[in-house]
S.K.: 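Sharing a structure here in structure tokens format.
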Amino acid sequence: MKKILFFAVMLFAIGTTQVMTSCSNDDNNTPGVTLDTKAYDDELATCEALLKAATTNDYPQVAIDAFKMLVETAKEARPQCVSQAQLDAIVKSLAEGRKAFESTAYGAIPEENVVAKWTFDTDSKSQVSEGTYKWTAVCQKAPAIFGSNAEPKFVEGVSGKAVSVADGAHLTVSDFNSAAVLCKDFSISVWVKTSKTYANNYIVSYNFWNNWKLQVQDQNKPFFTFASNTGIADSDNERDQSVKEGEWTHIVAALSLTQHKLAFYINGEETKVWDAEGKPALGGNTQAEAWKLPKTGGSLPIFIGLSTSEAAATEAWDWEWNAESLGAFFGAIDNLTFYNIALTEGQAKKLFKDKK
């Protein structure tokens, strides 16, 4: 609550001061100049729409009041602006105030907790993540074991575009920091639209079960495997058909080795929470160290749409591998995000509501 009150005071004090100062300084006055008001009109409309929709179910009242004051101050100051620089200063203040207000929403996730997010909104074969790290997911053809030349495609997503994979088509991320995805508290959030129901529908995987992997099982339920310093745990949300084939579904797997819990959220709703009694690996204090190939000591990338590489499977495990057992995702993936916190139900609800 103290944080919200501080935000409200600072938003009003700094924001309104910037607005009033920008339009009370006559040094840059240029009589007869026609101002370009499009940016102002667009930002004001965005702010007013946000205010109109804001309720105390989503935001603290003190934050709503402070944001409203800023918007009203900007509107009052607008007629006093006689230079483009002054008007641009109002636009900047409004935009900064809007972002600050949005950050107070119940369930909001601080930017510093977003490790990497792929929106797949371009058609590029190299997809650079948003967030703390700018990692590149590179489109790859299916491994030879699949007997296809399938490649990732880009289709309509839950918001913007999504990547569609099948028959072994996948993406790999090699320029990542392993410590950033092996933190004590870690979450994966993703939208999926499956086109096939089977046990090995792998969404994203880092060193298979030796570190972590997220998939959809043949009962159409999410399945998350992780390795801690005390063992490996396979976990699902114990709700068959919670991921509907052919429908966009939001999945969150939230691991907390701080609280020794693993939670699943489907479309913003908590569906299962595991603890150390049910999954002893949750009794660990850290995730396992990054796994290395046993023969070569090499490192694997993060796979999106595939469990692991054919070469790694052949080197590391001594059973017969084929396309079915190797596993791959069939369907579309959107807004794949890694977080360095264990997301709460409120945060999962907001991600689902905002289609992020």
Side-chain angles (χ1 to χ4, degrees), residues 107 109 113-121 127-131 133 135 137 139 152 154-166 169-173 176 180-181 186-197 200-206 211-217 220-226 235-237 239 242-255 262-272 301-307 327-345 347-356:
I109 303 171
N113 295 133
V114 181
V115 175
K117 176 181 180 179
W118 290 273
T119 63
F120 306 112
D121 283 342
Q127 298 281 322
V128 179
S129 65
E130 301 174 356
Y133 296 97
W135 296 336
C139 293
F154 295 94
V155 298
E156 182 179 355
V158 69
S159 60
K161 293 183 180 179
V163 64
S164 177
V165 293
H170 62 285
L171 299 91
T172 55
V173 181
F176 67 99
V181 295
F186 180 68
S187 299
I188 299 174
S189 170
V190 65
W191 285 86
V192 299
K193 185 178 182 181
T194 60
S195 60
K196 178 180 178 179
T197 297
N200 298 321
N201 231 358
Y202 286 95
I203 302 167
V204 60
S205 172
Y206 178 44
N211 283 122
W212 50 255
K213 60 181 175 67
L214 178 63
Q215 68 198 81
V216 178
Q217 283 190 310
N220 284 323
K221 56 186 176 182
F223 186 94
F224 183 67
T225 300
F226 71 93
S235 313
D236 63 63
N237 77 336
R239 292 199 184 184
S242 52
V243 179
K244 305 292 185 184
E245 183 178 325
E247 297 180 10
W248 281 111
T249 303
H250 184 237
I251 301 172
V252 171
L255 172 67
L262 170 66
F264 286 97
Y265 304 103
I266 301 295
N267 291 339
E269 300 296 328
E270 181 184 283
T271 57
K272 179 67 181 182
I302 292 172
F303 288 93
I304 300 173
L306 194 69
S307 65
F329 191 74
F330 286 77
I333 299 171
D334 202 0
N335 293 337
L336 172 63
T337 313
F338 302 151
Y339 299 92
N340 59 11
I341 55 173
L343 294 176
T344 65
E345 184 172 12
Q347 290 169 327
K349 283 181 182 291
K350 182 168 176 57
L351 289 171
F352 170 68
K353 178 180 178 182
D354 295 344
K355 296 187 182 300
K356 291 184 177 179

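Nothing here was measured: the structure is a model prediction, and the numbers come from that model.
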S.K.: Does any part of the side chain of Trp135, heavy atoms only, come nearer than 4.5 Å to the side chain of Val181, both counted from C-beta?
M.R.: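 A side-chain contact under 4.5 Å exists here.
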S.K.: What pairs with Phe223 under ring pair (Phe, Tyr, Trp, His ring centres under 6.0 Å), at least two apart in sequence or on another chain?
M.R.: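 Checked Phe223 against ring pair (Phe, Tyr, Trp, His ring centres under 6.0 Å); zero matches.
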S.K.: State, with a plain yes or no, whether a side-chain heavy atom of Ile203 is found less than 4.5 Å away from one of Gln215.
M.R.: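 No, side chains not in contact.
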S.K.: Looking at Ser159 and Lys355, would you say the former's side chain and the latter's main chain have a donor-acceptor pair under 3.5 Å?
M.R.: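 Yes, Ser159 side chain to Lys355 backbone: donor-acceptor pair under 3.5 Å.
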S.K.: Can you find a side-chain donor-acceptor pair between Asn200 and Ser307 that sits under 3.5 Å?
M.R.: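 No - no donor-acceptor pair under 3.5 Å links their side chains.
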S.K.: Could you tell me the separation between the CD atom of Gln127 and the CG atom of Leu336, rounded to the nearest 0.5 Å?
M.R.: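 Taking CD in Gln127 and CG in Leu336, the distance rounds to 11.0 Å.
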S.K.: So, using side-chain hydrogen bond (donor to acceptor under 3.5 Å, both in side chains) as the criterion, who are the partners of Glu245 when residues are at least two apart?
M.R.: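 Partners of Glu245 under the side-chain hydrogen bond (donor to acceptor under 3.5 Å, both in side chains) test: Thr197.
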S.K.: Looking only at atom types and distance, does a side-chain atom of Gln347 sit under 3.5 Å from a main-chain N or O of Ile109, one as donor and one as acceptor?
M.R.: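 No, Gln347 side chain to Ile109 backbone: no donor-acceptor pair under 3.5 Å.
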S.K.: Can you name the residues that form a ring pair (Phe, Tyr, Trp, His ring centres under 6.0 Å) with Trp191, not counting sequence neighbours?
M.R.: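 Partners of Trp191 by the ring pair (Phe, Tyr, Trp, His ring centres under 6.0 Å) criterion, ordered by chain and then number, come out as His250, Phe352.
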S.K.: What heavy-atom pair brings Phe176 and Pro301 nearest, and what distance separates the two atoms?
M.R.: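 Here Phe176 and Pro301 meet closest at CE2-CA, 3.9 Å.
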S.K.: For Thr225, give me all partners under side-chain hydrogen bond (donor to acceptor under 3.5 Å, both in side chains), at least two apart in sequence or on another chain.
M.R.: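 Applying side-chain hydrogen bond (donor to acceptor under 3.5 Å, both in side chains) to Thr225 gives Lys213, Asp234.
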S.K.: Provide the closest heavy-atom pair for Phe120 versus Asn335 in the form atom of the first, atom of the second, distance.
M.R.: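 Residues Phe120 and Asn335, closest heavy atoms: CD1-N, 4.2 Å.
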S.K.: Using the ring pair (Phe, Tyr, Trp, His ring centres under 6.0 Å) criterion, which residues pair with Phe338? Sequence neighbours excluded.
M.R.: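 With neighbours one apart ignored, the set is Trp118, Phe186, Trp212.
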S.K.: For a 4.5 angstrom cut-off between non-hydrogen side-chain atoms, does Lys117 reach Glu130?
M.R.: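 SC-SC contact between Lys117 and Glu130 confirmed.
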S.K.: Find out whether Val190 and Val204 are in side-chain contact, i.e. whether some heavy atom of one side chain is under 4.5 Å from a heavy atom of the other.
M.R.: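 No, too far: nothing below the 4.5 Å cut-off.
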S.K.: What residue among Asn237, Thr249, Thr271, Asn220 forms side-chain hydrogen bond (donor to acceptor under 3.5 Å, both in side chains) with Ser242?
M.R.: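 When Asn237, Thr249, Thr271, Asn220 are each tested with Ser242, the side-chain hydrogen bond (donor to acceptor under 3.5 Å, both in side chains) holds only for Asn237.
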S.K.: For Lys349 and Glu269, which heavy atoms make the closest approach, and how far apart are they?
M.R.: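 For Lys349 and Glu269, the tightest heavy-atom pair comes out as NZ-OE2, 2.8 Å.
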S.K.: Please name the pair of heavy atoms, one in Asp334 and one in Thr119, separated by the smallest distance, quoted to 0.1 Å.
M.R.: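 For Asp334 versus Thr119, the nearest heavy atoms are OD1-O, 2.9 Å.
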S.K.: Flag the pair Thr337 / Leu351 as yes when at least one side-chain heavy-atom distance between them is below 4.5 Å, and no otherwise.
M.R.: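 A side-chain contact under 4.5 Å is absent here.
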S.K.: Would you indicate whether Lys272, at its atom NZ, is surrounded by more than 12 heavy atoms from other residues, nucleotides or ligands within a distance under 6.0 Å?
M.R.: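 It does: Lys272 NZ has more than 12 such atoms within range.
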S.K.: Which value, rounded to the nearest 0.5 Å, describes the distance between Phe264 atom CZ and Arg239 atom CZ?
M.R.: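 Spacing of CZ (Phe264) from CZ (Arg239) equals 12.0 Å.
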S.K.: Ignoring hydrogens and angles, tell me if any N or O in the side chain of Asp236 forms a donor-acceptor pair with the backbone of Pro222 under 3.5 Å.
M.R.: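 No; zero donor-acceptor contacts below 3.5 Å.
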S.K.: For Asn201 versus Ala328, what's the shortest heavy-atom pair and its separation?
M.R.: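 That closest heavy-atom pairing would be OD1-O, 3.3 Å.
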S.K.: Working to the nearest 0.5 angstrom, can you tell me the gap between Asn113 CG and Ile341 CD1?
M.R.: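 Answer for the CG-CD1 pair, Asn113 versus Ile341, is 4.0 Å.
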S.K.: For Phe154, check ring pair (Phe, Tyr, Trp, His ring centres under 6.0 Å) against everything at least two apart and list the hits.
M.R.: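 Ring pair (Phe, Tyr, Trp, His ring centres under 6.0 Å) list for Phe154, sorted by chain: empty.
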S.K.: Measuring only between side-chain heavy atoms, which start at C-beta, is Val114 closer than 4.5 Å to Tyr339?
M.R.: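 Yes, at least one pair of side-chain atoms sits under 4.5 Å.
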S.K.: Which heavy atom of Ile302 sits nearest a heavy atom of Tyr206, and at what distance?
M.R.: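 Residues Ile302 and Tyr206, closest heavy atoms: CG1-CD1, 3.9 Å.
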S.K.: Got Leu306 and Thr172 here, is their nearest side-chain heavy-atom distance under 4.5 Å?
M.R.: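 The answer is no, as the side chains (C-beta and beyond) never meet within the 4.5 Å cut-off.
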S.K.: Give a yes or no answer on whether the side chain of Ser164 reaches the backbone of Ala332 with a donor-acceptor pair at less than 3.5 Å.
M.R.: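 Not a single qualifying donor-acceptor pair exists.
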S.K.: Could you give the distance from CZ (Phe329) to CG (Leu171), rounded to the nearest 0.5 Å?
M.R.: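 Rounded to the nearest 0.5 Å, the CZ-CG separation comes to 12.5 Å.
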S.K.: Please round to the nearest 0.5 Å and tell me the distance separating atom OG of Ser187 and atom CG of Leu255.
M.R.: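 So the gap between those two atoms works out to 7.5 Å.
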